[in-house]
Amino acid sequence: MNTADHDNTNLFMGLALELAHTAFDNDEVPVGAIIVQRRNSEVLAAFSNQMRGIQSSIAHAEMLAIQKAMQVIHNERLIDCDMYVSLEPCPMCAQAISFARIKNLYFAAEDKKSGGVLNGPKIFDSSSCHHKPEIYSGMMAEESSELLKRFFKSKR
C-alpha cells in the first residue's frame, strides 16, 4: 500500500469510526461502514447500525451501505468499490459483501464472537463463496474495540 493509499485508508476508516460513535449515541451497537468508489475515492454510502432505530435485525451498517451504494451507481455489483467498517463483518454481511463483489474489505476490530471473516464461519473461505475480497484488518482496532467495550459495559 503506497502512502496515498495509506492516507485514504486512515481517512475512510476514521469516517467509519465516526459513524460507529453515532451508533453509540443512538443506543445502537457501535458499528459504522462506508463504501468508496475506487476510481475517484467518492464515498457512495455511509451508515451506522440502525437495527433498533428502524426495528430490523438486518439493518447492519454494512447491509445499509451496500444497498445504498448499489442504488447510487445503478448496479447490483460494487466491483470498483471498497468497504471500510469499524468491526469485522458478521456472516450475513460477509456474504452480502461477496454477492456485491466488493474489491477490498477494510475493518478495524476483529469480532471473536460473531465475526464471519477471520473468525466464526469464515464466509470467504467457504467453497460456496463466489467472490473473496482482499481483506485488510487492524487499522484503528483499539479505538473501535474500546467503543464496543464501553457500549456493552453500559448494558450490563
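Each salt bridge (charged side-chain N to carboxylate O under 4.0 Å, His left out) pair with one or both residues in residues 11-25, not counting sequence neighbours, would appear here, but there are none. Residue pairs satisfying the salt bridge (charged side-chain N to carboxylate O under 4.0 Å, His left out) criterion with at least one member in residues 94-109, sequence neighbours excluded, are absent.
No side-chain heavy atom of Gln37 sits under 4.5 Å from any side-chain heavy atom of Val72. Within the 4.5 Å cutoff, no side-chain heavy atoms of Ser144 are placed close to those of Leu147. Asn104 is not listed as a side-chain neighbour of Pro133, based on a closest heavy-atom distance of 4.5 Å or more. Between Met83 and Tyr106 there is no side-chain heavy-atom pair separated by less than 4.5 Å.
Annotation: Glu76, atom CD; neighbour count of heavy atoms from other residues, nucleotides and ligands within 6.0 Å is above 12.
Arg38 is linked by a side-chain hydrogen bond (donor to acceptor under 3.5 Å, both in side chains) to Asp82, counting only residues two or more places apart in sequence or in another chain. Asp27 pairs by the side-chain hydrogen bond (donor to acceptor under 3.5 Å, both in side chains) definition with Arg52, Lys155, not counting sequence neighbours. Residues passing the side-chain contact (heavy atoms from CB on, under 4.5 Å) test with Asp125 are Lys122, Lys132, sequence neighbours excluded. Partners of Ala45 under the side-chain contact (heavy atoms from CB on, under 4.5 Å) rule, at least two apart in sequence or in another chain, are Phe47, Ala65, Lys68, Ala69. Partners of Lys112 according to the side-chain hydrogen bond (donor to acceptor under 3.5 Å, both in side chains) rule, which considers only residues two or more places apart in sequence or in another chain, are Glu110. By the ring-ring contact (aromatic ring centres under 6.0 Å, His included) test, Phe12 is found to be paired with Tyr84, residues two or more places apart in sequence or in another chain being considered. The side-chain hydrogen bond (donor to acceptor under 3.5 Å, both in side chains) search around His21 returns Glu143, not counting sequence neighbours. The side-chain contact (heavy atoms from CB on, under 4.5 Å) test applied to Leu19 returns Ile34, Ala46, Ser48, not counting sequence neighbours. Taking the side-chain contact (heavy atoms from CB on, under 4.5 Å) definition, one finds that Lys149 meets it with Glu146, sequence neighbours left out.
Cluster membership check: Leu17 shares its hydrophobic cluster with Leu11, using side-chain heavy-atom separations under 4.5 Å among Ile, Leu, Val, Met, Phe, Trp and Tyr. Linking Ile, Leu, Val, Met, Phe, Trp and Tyr whenever their side-chain heavy atoms come within less than 4.5 Å puts Phe24 and Leu148 in one cluster. Following chains of ILVMFWY side-chain contacts shorter than 4.5 Å, one can reach Met13 starting from Val43, so the two form part of one hydrophobic cluster. Under the 4.5 Å side-chain contact rule for hydrophobic residues, Leu44 and Leu105 share a cluster. Hydrophobic clustering keeps Tyr136 apart from Leu118 (ILVMFWY residues linked when any side-chain heavy atoms are closer than 4.5 Å, directly or through intermediates).
Closest of all the heavy-atom pairs between Ala108 and Ala141 is O-CB, 3.4 Å. For the pair Phe99 and Arg77, the tightest heavy-atom approach, listed with the atom from each and the gap, is O-NH1, 2.9 Å. When all heavy atoms are compared, the tightest approach of Glu62 to Val85 is OE2-CG2, 3.6 Å. Of all non-hydrogen atoms in Ala59 and Leu64, the two that sit nearest each other are O-CD1, 3.7 Å. Summarising the geometry of Ser98 relative to His131, their closest heavy-atom pair is OG-O, 2.8 Å, with the distance given to 0.1 Å. Residues Ile102 and Cys81 approach most closely at CG2-O, 3.5 Å, considering heavy atoms.
Atoms CG and CD1, on Leu78 and Ile97 in that order, are 10.5 Å from each other to the nearest 0.5 Å. Leu87 CG to Ser145 OG: the interatomic distance, rounded to the nearest 0.5 Å, is 8.0 Å. To the nearest 0.5 angstrom, Phe124 atom CZ is 6.0 Å from Cys129 atom SG.
In this structure, the side chain of Asn26 engages the main chain of Thr22 through a donor-acceptor pair within 3.5 Å. In this structure a side-chain-to-backbone donor-acceptor pair under 3.5 Å is present from Glu88 to Val117. Under a 3.5 Å cut-off, the side chain of Asn49 and the backbone N or O of Pro30 do not form any donor-acceptor pair. Using modelled atom types, one side-chain atom of Ser86 and one backbone atom of Gly32 make a donor-acceptor pair closer than 3.5 Å. Side-chain atoms of Glu28 come within 3.5 Å of backbone N or O of Met51 as a donor-acceptor pair.
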Assess the residue pair Val29 and Phe151 against the criterion (side chain to side chain contact (heavy atoms under 4.5 Å, CB included)); give the C-alpha distance rounded to whole Å, side-chain angles, the decisive distance to 0.1 Å, and a yes or no. CA-CA 7 Å; Val29 175; Phe151 178 80; 3.8 Å; yes
Worked check of side chain to side chain contact (heavy atoms under 4.5 Å, CB included) between Cys90 and His60: CA-CA 9 Å; Cys90 73; His60 292 198; 3.5 Å; yes
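Within the hydrophobic cluster formed by Ile, Leu, Val, Met, Phe, Trp and Tyr side chains joined at under 4.5 Å, directly or through other members, Ile58 is accompanied by Met63, Met92.
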